[in-house]
Amino acid sequence: MRLHENELGLSGLLLGLLDAYTGARWGELAGQTIPEYDEVKKAIAVFEPLKEIDGRLFKGGTGVTERTTPELADGRRRPRRAKRSARTKSPASERWVQLPPSIASIYELLLATRPVGQSFVFISLQGQPWYRSNFRQRFWRPAWDGVDADKPYSERHVPAILSGFRFHEGRHTHATWLTEDGISEVARRARLGHKMKGMGRVYDHVTPEMERQILEALEERFVTSVLALEDDEREKLLSACDQGHRR
């Protein structure tokens with residue numbers, strides 16, 4: 001909700017939810033485009049994550065934005081890094097990630113607000129795909145760390161929620177949830193884009209029943225968390241989704 005209230009609206013709220021409820025990496029979420037959503041499966045495609053190389057953002061090997069190359073203290077340009085693959089981190093990372101029903105509904109609300117010609121689902125206030133550092137410093141860190149958190153008498157004071165919490169830790173959280181909910185290792189690894197070790201790669205396979213168990217467990221977590229909110233907090237959440245629907 002802090003991401004929502006700090007200028008990002010429904011897009012910020014949803015990106016924060018997806019961090020925990022998909023376990024996807026930053027580039028896998030920030031790189032999502034509208035055509036990569038399957039309305040039938042209620043799933044997002046993870047095949048061409050957003051990558052930042054030498055100050056430029058790439059999607060599927062194609063540059064989508066450009067930034068001035070940072071300079072060193074003596075004015076020299078930073079050396080170019082080796083070109084990275086346009087694909088995922090590993091073949092196992094290529095996957096469809098199904099969304100629990102409530103999260104899928106919010107995702108579709110956001111898609112409905114995107115103007116014709118807009119490709120990326122998550123965009124900055126300038127209408128461009130996100131640079132990770134910009135999102136982290138301007139929005140993610142203040143949301144978790146607060147503002148003047150150790151100065152309760154400051155006019156800008158906003159208390160911390162979980163100081164130091166990184167975006168990637170949402171992935172760790174997701175993995176832990178699945179373990180707590182008794183999801184099999186093969187299904188956990190497939191959802192996170194990890195390959196099974198040893199002979200498990202040959203004999204273990206994800207079944208529709210396993211996928212159903214994952215979605216049911218995540219949906220129950222989401223509903224339980226919403227019901228646990230204070231009345232005013234729950235009203236804020238529902239209002240945020242309602243505003244997205246009206247747009």
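The basis for the numbers below is simple: all heavy atoms, side chains too, and nothing from hydrogens, waters or symmetry mates.
The distance from atom OG1 of Thr62 to atom CG of Leu57, rounded to the nearest 0.5 Å, is 12.5 Å. In this structure, CG in Leu218 is found 8.5 Å from CD1 in Ile103, a value given to the nearest 0.5 Å. For the atom pair Arg189 CZ and Ile183 CD1, the distance stands at 15.0 Å (nearest 0.5 Å). The CD atom of Glu209 sits 11.0 Å away from the CD1 atom of Ile214 when rounded to the nearest 0.5 Å. Taking CD1 of Ile106 as the start and OH of Tyr21 as the end, the distance is 9.5 Å to the nearest 0.5 Å. Here the straight-line distance linking atom CG of Asp38 with atom NZ of Lys42 works out to 9.0 Å at 0.5 Å rounding.
The main-chain N or O of Phe165 is found under 3.5 Å from a side-chain atom of Trp140 such that the two form a donor-acceptor pair. For Gln118 (side chain) and Pro115 (main-chain N/O), no donor-acceptor pair under 3.5 Å exists by modelled atom type. Within the 3.5 Å criterion, the main-chain N or O of Phe122 finds no donor-acceptor partner in the side chain of Gln32. A distance-only check finds no donor-acceptor pair linking the side chain of Lys151 to the backbone of Asp148 [under 3.5 Å]. The backbone N or O of Lys41 sits less than 3.5 Å from a side-chain atom of Gln98, completing a donor-acceptor pair. In this structure, Trp130 contributes its side chain and Phe135 its backbone to no donor-acceptor pair below 3.5 Å. Side chain of His174 to backbone of Ala20: a donor-acceptor contact under 3.5 angstrom is found.
Closest of all the heavy-atom pairs between Pro35 and Ser119 is CD-O, 4.4 Å. A pairwise comparison of heavy atoms in Ala217 and Asp181 identifies CB-OD2, 3.5 Å as the closest pair. The minimum heavy-atom distance between Leu50 and Pro129, with the atom names listed, is CD2-CB, 4.2 Å. Nearest heavy atom pair, residue Ala175 against residue Leu192, reads CB-CD1, 3.6 Å.
Following chains of ILVMFWY side-chain contacts shorter than 4.5 Å, one can reach Phe167 starting from Trp144, so the two form part of one hydrophobic cluster. Under the 4.5 Å side-chain heavy-atom criterion for grouping Ile, Leu, Val, Met, Phe, Trp and Tyr, Val97 is connected to Ile34 within one hydrophobic cluster. Note: the hydrophobic cluster containing Leu215 does not contain Leu178 (ILVMFWY, side chain heavy atoms under 4.5 Å, direct or indirect links). Note on Leu3: it clusters hydrophobically with Leu162, by side-chain heavy-atom contacts below 4.5 Å among ILVMFWY residues. Ile161 and Leu14 fall within a single hydrophobic cluster, where Ile, Leu, Val, Met, Phe, Trp and Tyr are joined by side-chain heavy atoms under 4.5 Å apart, directly or via other members.
Electrostatic pairing of Glu5 and Arg2 does not count as a salt bridge here, judged by no charged N lying under 4.0 Å from a carboxylate O. Salt bridge present: Arg221 and Glu180 bring a charged side-chain N and a carboxylate O closer than 4.0 Å. In summary, Glu211 and Arg191 do not engage in a salt bridge, as defined by a charged side-chain N under 4.0 Å from a carboxylate O. Using a cutoff of 4.0 Å between basic side-chain nitrogens and carboxylate oxygens, Glu52 and Arg56 are not scored as salt-bridged. Using a cutoff of 4.0 Å between basic side-chain nitrogens and carboxylate oxygens, Lys59 and Glu36 are scored as salt-bridged. Taking the charged nitrogens against the carboxylate oxygens, Glu185 and Arg188 have no contact shorter than 4.0 Å, which rules out a salt bridge.
Residues Leu29 and Arg25 have side chains not in contact (no heavy-atom distance under 4.5 Å, counting atoms from C-beta outward). The shortest side-chain heavy-atom distance between Leu125 and Arg138 falls under the 4.5 Å cut-off. No side-chain heavy atom of Asp145 sits less than 4.5 Å from a side-chain heavy atom of Val158. In this structure the side chain of Leu15 never reaches within 4.5 angstrom of the side chain of Phe139, judged on heavy atoms. Looking at Ser93 and Val46, their side chains never come closer than 4.5 Å, going by heavy atoms from C-beta outward. Taking 4.5 Å as the limit, some side-chain heavy atom of His157 sits within range of a side-chain heavy atom of Pro159. With a 4.5 Å cut-off on side-chain heavy atoms, Thr22 and Leu99 count as touching. Taking 4.5 Å as the limit, some side-chain heavy atom of Cys241 sits within range of a side-chain heavy atom of Leu109.
Note on ring orientation: taking the six-membered ring where Trp is involved, the planes of His172 and His168 are perpendicular (angle over 60°, cut-offs 30° and 60°).
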**Item:** From CA spacing to verdict: side chain to side chain contact (heavy atoms under 4.5 Å, CB included), Met1, Leu13
**Value:** CA-CA 6 Å; Met1 285 307 301; Leu13 168 63; 4.0 Å; yes
**Message:** Working note: Val64 + Gln128, criterion side chain to side chain contact (heavy atoms under 4.5 Å, CB included); need CA distance, chi angles, decisive distance, verdict.
**Reply:** CA-CA 9 Å; Val64 294; Gln128 299 295 321; over 6 Å; no
**Asked** side chain to side chain contact (heavy atoms under 4.5 Å, CB included) between Arg95 and Glu28: does it pass, once the steps are laid out?
**Response** CA-CA 10 Å; Arg95 65 202 188 279; Glu28 296 172 345; 2.9 Å; yes
**Prompt:** What's the verdict on salt bridge (Lys or Arg N to Asp or Glu O under 4.0 Å) for Arg234 and Glu230, showing C-alpha distance, side-chain angles and the deciding distance?
**Reply:** CA-CA 6 Å; Arg234 190 182 308 111; Glu230 299 291 341; over 6 Å; no
**Item:** Derivation and outcome, side chain to side chain contact (heavy atoms under 4.5 Å, CB included), residues Thr113 and Leu110
**Value:** CA-CA 5 Å; Thr113 70; Leu110 179 63; 3.7 Å; yes
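For CD of Glu233, the number of neighbouring non-hydrogen atoms (other residues, nucleotides, ligands) closer than 6.0 Å is greater than 12.
Here the options are Trp96, Phe120, Tyr107, the test is ring pair (Phe, Tyr, Trp, His ring centres under 6.0 Å), and the partner is Tyr37; only Tyr107 passes.
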